[in-house]
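Read the numbers this way: they start at 1 and go in the same order the structure lists the ligands and their atoms.
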Amino acid sequence: MSTFSLDPGADQLAVRDWLHGFAAEVMRPAAAEWDEREETPWPVIQEAAKLGIYSLDFYAQQFFDPSGVGIPIAMEELFWGDAGIGLSIVGTTLAAVAVLANGTEEQIGTWAPQMFGTPDDVKVAAFCSSEPDAGSDVSALRTKAVYDGAKDEWVLNGTKTWATNGGIAAVHVVVATVDPALGARGQASFVVPPGTPGLSQGQKFKKHGIRASHTAEVVLDDVRLPGHCLLGGKEKLDERLARAREGAARGGRGNAAMATFEASRPAVGAQAIGIARAAYEVALDYARTRVQFGRPIIDNQGVAFQLADMRTRIDASRLLVWRASWMAANNRPFTAAEGSMSKLHAGETAKWVTAQAMQILGGNGFTREYPVERMHRDSAIYSIFEGTSEIQRLVIARAISGMPIR
Ligand SMILES: Cc1cc2nc3c(=O)[nH]c(=O)nc-3n(C[C@H](O)[C@H](O)[C@H](O)COP(=O)(O)OP(=O)(O)OC[C@H]3O[C@@H](n4cnc5c(N)ncnc54)[C@H](O)[C@@H]3O)c2cc1C
């Protein structure tokens with residue numbers, strides 16, 4: 001009997017249909033307005049919270065789905081609805097995953113619910129790692145965390161940039177360096193509780209796409225945090241630092257962070273697939289109905305073949321995303337950086353498919369009367385954040401070659 005299956009199963013299909021309804025009925029009609037306003041769509045997040053789509057329970061359930069495809073299916077549907085609003089809804093999960101991955105049970109229980117708030121009082125959370133001089137090179141972080149043993153407090157100073165929900169979040173998770181000499185292995189993650197003095201929002205960025213998602217600098221000026229805000233606790237950090245120092249002396253390399261990235265990148269790839277599928281569907285409909293030279297434009301092989309390639313690349317991306325998600329859920333080693341592969345392919349596909357869709361819509365594709373123009377702008381971030389396409393290629397190249405490719 002064969003056990004191989006690409007059937008997501010009844011539960012996941014029910015979730016997909018439920019989210020599709022929300023995406024079609026609530027997100028799509030609101031998409032153009034929030035893109036123009038360039039503001040966080042709080043009423044839409046609240047609506048999602050009331051339905052249980054914006055909640056810790058919902059994401060935890062998808063996160064722990066043994067097939068692995070719960071999260072990619074949810075991401076694809078929400079981002080099919082709209083990417084800017086989608087990121088406003090799921091941006092919190094970046095911070096939540098950092099707490100789930102690094103926090104103690106007590107920390108998870110304390111902070112994760114506060115990140116989402118309640119349906120009557122919704123909150124968002126932010127994950128702050130990137131800095132002006134540390135984007136692709138995460139080992140170069142300068143934000144410093146110093147331990148004040150007398151008070152059992154950590155003191156954080158530095159400037160974070162590009163933080164999704166930065167400054168408007170209830171809870172911020174901040175990655176800081178404790179021992180800069182150890183690079184990425186000398187870093188630790190801290191929870192900054194709501195209302196902590198010293199944390200403020202810097203510049204809010206005006207962006208090319210995903211404009212309904214808030215992106216800003218976060219300034220940390222002598223932010224004092226109780227000891228229990230260090231994710232994982234001090235004992236574990238001290239052990240980890242000691243191991244890293246020993247590893248550094250032997251020239252060893254830590255790979256825990258890499259494994260986490262491989263597991264989270266497929267979710268970002270799934271967001272890109274949602275955008276690509278949305279643009280492809282608009283283009284397919286348009287090509288069937290737009291008449292030139294006395295026949296629908298899809299009657300021309302030149303147009304029909306473009307659509308065939310769009311669909312093929314979208315489906316190939318989904319298979320890569322599902323494979324990597326399944327591998328993560330089943331603890332398979334990412335020997336060829338399959339997580340990075342899925343994000344690379346899906347991100348580049350979204351950019352390419354949305355550009356093709358604009359072409360198929362002709363002049364209409366270039367206007368804000370039709371959604372593909374927005375989808376094209378939104379897709380552009382997928383070769384930049386969560387590791388640029390070049391960084392994904394670097395990770396894949398190192399994994400397949402075993403060489404320290406630079
Ligand atoms: C809208 C948005 C939201 C974001 N949200 C968050 C968030 O919530 N939290 C967070 O911490 N960060 C976030 N980021 C930051 C994002 O992850 C970084 O922008 C990204 O990692 C790239 O860093 P950088 O912008 O400094 O580019 P750089 O690292 O300066 O890269 C510039 C160019 O050089 C290339 N390059 C760099 N190094 C190499 C190399 N070794 N080989 C080949 N090419 C290379 C890059 O691929 C890129 O094309 C967000 C960014 C944006 C734009």
Just heavy atoms, cut-off under 4.0 Å: does [X] contact ligand 1 by side chain, backbone, both, or neither?
X	value
K160	neither
N165	neither
D137	neither
V175	neither

Ligand-residue contact atoms, ligand 1 with [X], heavy atoms, under 4.0 Å:
X	result
I210	1 (C)
L94	8 (O)
I384	20 (C)
E386	17 (O)
T164	3 (C), 4 (C), 5 (N), 6 (C), 7 (C), 8 (O)

I'd like to know if [atom] has any protein heavy atom within a distance of less than 4.0 Å.
atom	value
atom 42 (N) of ligand 1	no
atom 10 (C) of ligand 1	yes
atom 33 (C) of ligand 1	no
atom 36 (N) of ligand 1	no

Run down the list [options] and name the one with the heavy atom closest to [atom].
atom	options	value
atom 45 (C) of ligand 1	E131, Q392, E390, R406	E390
atom 26 (O) of ligand 1	G135, A126, G387	G135
atom 48 (C) of ligand 1	L87, T388, I391, V138	T388

| cation_pi(R37, W34) dist<6.0 Å, angle<=45 | yes
| Does the cation-pi check pass for R313 over W352, that is, NZ or CZ under 6.0 Å from the six-membered ring centre and within 45° of its axis? | yes
Closest protein heavy atom to [atom], given as residue, atom name and distance to 0.1 Å:
atom	answer
atom 18 (C) of ligand 1	S130 OG, 4.2 Å
atom 53 (C) of ligand 1	I381 CD1, 3.3 Å
atom 31 (O) of ligand 1	S136 OG, 3.8 Å
atom 7 (C) of ligand 1	W162 O, 3.3 Å

Less than 4.0 Å between a side-chain N and a carboxylate O, is that true for [Y] and [X]?
X	Y	answer
R245	D179	yes
D238	K234	yes
R332	E338	no
R277	E77	yes

| request: Assess whether side-chain contact (heavy atoms from CB on, under 4.5 Å) is satisfied between R142 and E131, documenting all intermediate values. | output: CA-CA 8 Å; R142 287 197 196 147; E131 295 180 3; 3.6 Å; yes
| message | Once rounded to the nearest 0.5 Å, what's the spacing between atom CG of L307 and atom CD1 of I360? | response | 4.0 Å
| field | Spatial distance of atom CG (L319) from atom CD1 (I314) [nearest 0.5 Å] | value | 12.5 Å
Between [X] and ligand 1, is there a nitrogen or oxygen pair with a distance under 3.5 Å?
X	result
L394	no
K207	no
T215	no

| note | Residues passing the side-chain contact (heavy atoms from CB on, under 4.5 Å) test with T164, sequence neighbours excluded, are L87, S213
| message | For a quick check under 3.5 Å, do T367 and E373 share a side-chain donor-acceptor pair by atom type? | response | no
| request: Quick one: sort the F116 and Y59 rings into parallel, tilted or perpendicular, breaks at 30° and 60°. | output: parallel
| query | Taking the inter-plane angle between the rings of Y286 and Y370 on a 0 to 90° scale, is it parallel (under 30°), tilted (30 to 60°) or perpendicular (over 60°)? | reply | perpendicular
| remark: Sorted by chain and number, sequence neighbours left out, salt bridge (charged side-chain N to carboxylate O under 4.0 Å, His left out) with E369 holds for none
